[in-house]
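Step one of this worksheet: look at the structure below.
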Amino acid sequence: MNLLRSLVPPALRPVARRARAVLRGLAPVHHAGPFPPADLRAAVRPVRALPPLEAGRAFEVALSVTNHSPRAVGPNGPCPVGVRLAWRSYAGEPVAAADGFAPLPRPLWPGEELARRFTFPAPAALGDYRATFALAQKGGPDFEPVGPPAVLDLAVSHPLDGGFNYHDIYGRADLNRDFWTASGPPSRAEFERLAPVKLQLLTDRGLTPDGRILDVGCGTGLLATAAERFLSDRGAYFGTDLAPEAVAFCKGRYRRPNFRFAVNGMTTVPVRGERFDAITFFSVFTHTYPDETALLLAEAARLLAPGGFVFADAFTSPLVQRHAGSRYAVEVNREALLRLAGLSGLTAERVVDSPWNGPARREFFAFRRG
Ligand SMILES: C[S@@+](CC[C@H](N)C(=O)[O-])C[C@H]1O[C@@H](n2cnc3c(N)ncnc32)[C@H](O)[C@@H]1O
């Protein structure tokens, strides 16, 4: 072969090399069965980092792949060669997401490098993942990596981002006709069923009819509905919400003199000189990012009466390092959330834990001082 090569005049050698590459690309490389693993080596390198992926959707990743094996490998036959993607959590733990496999687009000869975009499905569960890419034969082991393994830290977020915000939701709703759907419950019956359930979570922690409730993110008054019947004239209810439409609706609907409503900022509650026995954030931290949640918890700590408690739910996931998802549904890391509460001197007791989405849970916490 070398003798043949040396017969080619130097001026024609680049042309001969190109012709050889074309002929190799055309030659079928058919893998009828698994290779002996011993001599399979390859280098895989990500060409660039990726923005957050959309949960459950296909995504493309640009990779450079070099075949360091003594044999040609390719995408044909029952045991094709391609890039395998293995998912781990950000902490390196195994996860439920299945490995991905994308066949090579064409044969790759010994020593040859190829740069291409490969397509894989993203995991269905939101989170912060560590993805490792390796050349592999389908159903067989990974090729031994030459150089560092190809690892990318990939955030998986929510596909329903689309600028979700409550101003738009309440703005579009006709609250005189349907005041429940905009704040969550799919029917009036469900809105009314949930009202005493949420109140009970507070009375179980010691709220009495003479108690003072601050309901941040009151929506269209799910808790107010139950509190209207429960609180005595000595008790008090203060509902605040980001959405002026929801606050205007509540002012018109819940008319007892000890019931008040006000618009609040994303991270500020417009109350001074008062303290509350129960401060609630029902389905609020499910829409706020950790820094906002921390500031709202600081507001709650400022307004909490001695012996009082803060009650809040959040979507938590062990796959999430800090937060994942969009305002539509924010998932957080439980320990990170509890650390943020600790910054305001609040310690948490988990009260309810229910399934949410994949490994994510919906957890309800009662926070107290100390
Ligand atoms: C899913 S609804 C829940 C309403 C009510 N708490 C309930 O349990 O039915 C979420 C509410 O939180 C409000 N919200 C979201 N972020 C907020 C924030 N930073 N401060 C106050 N309200 C907020 C929204 O406008 C919306 O009314």
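What you see is a predicted model, and the numbers here were worked out from it, not measured in a lab. Counting convention: from 1, in listed order, for ligands and their atoms alike.
Atom numbering of ligand 1 starts at 1 in the shown order; those under 4.0 Å from a heavy atom of Phe282 are 3 (C), 5 (C), 6 (N), 8 (O). Annotation for ligand 1: atoms under 4.0 Å from non-hydrogen atoms of Val284 are 12 (O), 17 (C). Counting atoms of ligand 1 from 1 in the listed order, those under 4.0 Å from a heavy atom of Leu222 are 9 (O). Using a 4.0 Å cut-off to heavy atoms of Ser283, the atoms of ligand 1 that qualify are 1 (C), 3 (C), 10 (C). Counting the atoms of ligand 1 from 1 in the order shown, those under 4.0 Å from a heavy atom of Met266 are 18 (C), 19 (N). Those atoms of ligand 1 that come under 4.0 Å of a heavy atom in Leu296, given as number and element, are 19 (N). With ligand atoms numbered from 1 in the order given, ligand 1 contributes 25 (O), 26 (C), 27 (O) to contacts under 4.0 Å with heavy atoms of Tyr170.
Among all protein heavy atoms, the one lying closest to atom 25 (O) of ligand 1 is Asp241 OD1, 2.6 Å. Of all protein heavy atoms, the one lying nearest to atom 4 (C) of ligand 1 is Gly217 O, 3.4 Å.
When non-hydrogen atoms are compared, ligand 1 lies under 4.0 Å from the side chain of Tyr166 (C-beta onward) but not from its backbone. Contacts of Cys218 with ligand 1, taken as heavy-atom pairs under 4.0 Å, involve the backbone alone. Contact annotation for Leu223 and ligand 1: no heavy atom of the residue comes within less than 4.0 Å of the ligand. The proximity of His287 to ligand 1, defined as any non-hydrogen pair under 4.0 Å, is limited to the side chain. Here Leu242 has heavy atoms under 4.0 Å from ligand 1 in both its backbone and its side chain. Residue contacts with ligand 1, taken as heavy atom pairs separated by less than 4.0 Å, do not involve Glu292 at all.
The option from Asn264, Ile169, Val263 that lies nearest to atom 21 (C) of ligand 1, judged by heavy atoms, is Asn264.
In summary, the side chains of Thr316 and Glu363 do present a donor paired with an acceptor at a separation below 3.5 Å, with no hydrogens or angles considered. Checking Tyr170 against Asn165 by side-chain atom types alone, no donor-acceptor pair falls below 3.5 Å. A donor-acceptor contact closer than 3.5 angstrom links the side chains of Ser283 and Arg362.
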Test log, rule ring pair (Phe, Tyr, Trp, His ring centres under 6.0 Å), inputs Phe282 and Phe311: CA-CA 7 Å; Phe282 278 119; Phe311 203 89; 5.7 Å; yes
Checking salt bridge (Lys or Arg N to Asp or Glu O under 4.0 Å) for the pair Arg339/Glu335: CA distance, chi angles, key distance, verdict? CA-CA 6 Å; Arg339 270 198 303 279; Glu335 280 63 42; over 6 Å; no
Carefully, step by step, assess Glu299 and Thr268 under the rule side-chain hydrogen bond (donor to acceptor under 3.5 Å, both in side chains). CA-CA 7 Å; Glu299 286 289 77; Thr268 52; 5.3 Å; no
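At a threshold of 4.5 Å between non-hydrogen side-chain atoms, the residues Phe309 and Phe367 do not count as touching. Using a 4.5 Å heavy-atom threshold, the side chains of Ser157 and Leu53 count as separate.
Looking at Ser89, its side chain does come within 3.5 Å of a backbone N or O of Glu93 through a donor-acceptor pair. Panel note: side chain Arg84, backbone Gly140; a donor-acceptor pair is recorded below 3.5 Å.
Residue contact annotation: Leu194 has no non-hydrogen atom under 4.0 Å from ligand 1. Judged by the shortest distance from any of its heavy atoms, Ser183 lies inside the 4.0 Å radius around the atoms of ligand 1. Using a 4.0 Å heavy-atom cutoff, Phe191 is absent from the residues neighbouring ligand 1. In this structure, Lys198 is part of the shell of residues with a heavy atom less than 4.0 angstrom from ligand 1.
Few gaps surround CZ on Arg334; more than 12 heavy atoms of other groups in view lie less than 6.0 Å from it. For Arg369, the CZ atom sits in a packed shell: over 12 heavy atoms of surrounding residues, nucleotides or ligands are nearer than 6.0 Å. More than 12 heavy atoms of other residues, nucleotides or ligands lie within 6.0 Å of CZ in Arg256, so this atom counts as buried by the packing criterion.
Taking any N or O of Gly184, backbone or side chain, none lies under 3.5 Å from an N or O belonging to ligand 1.
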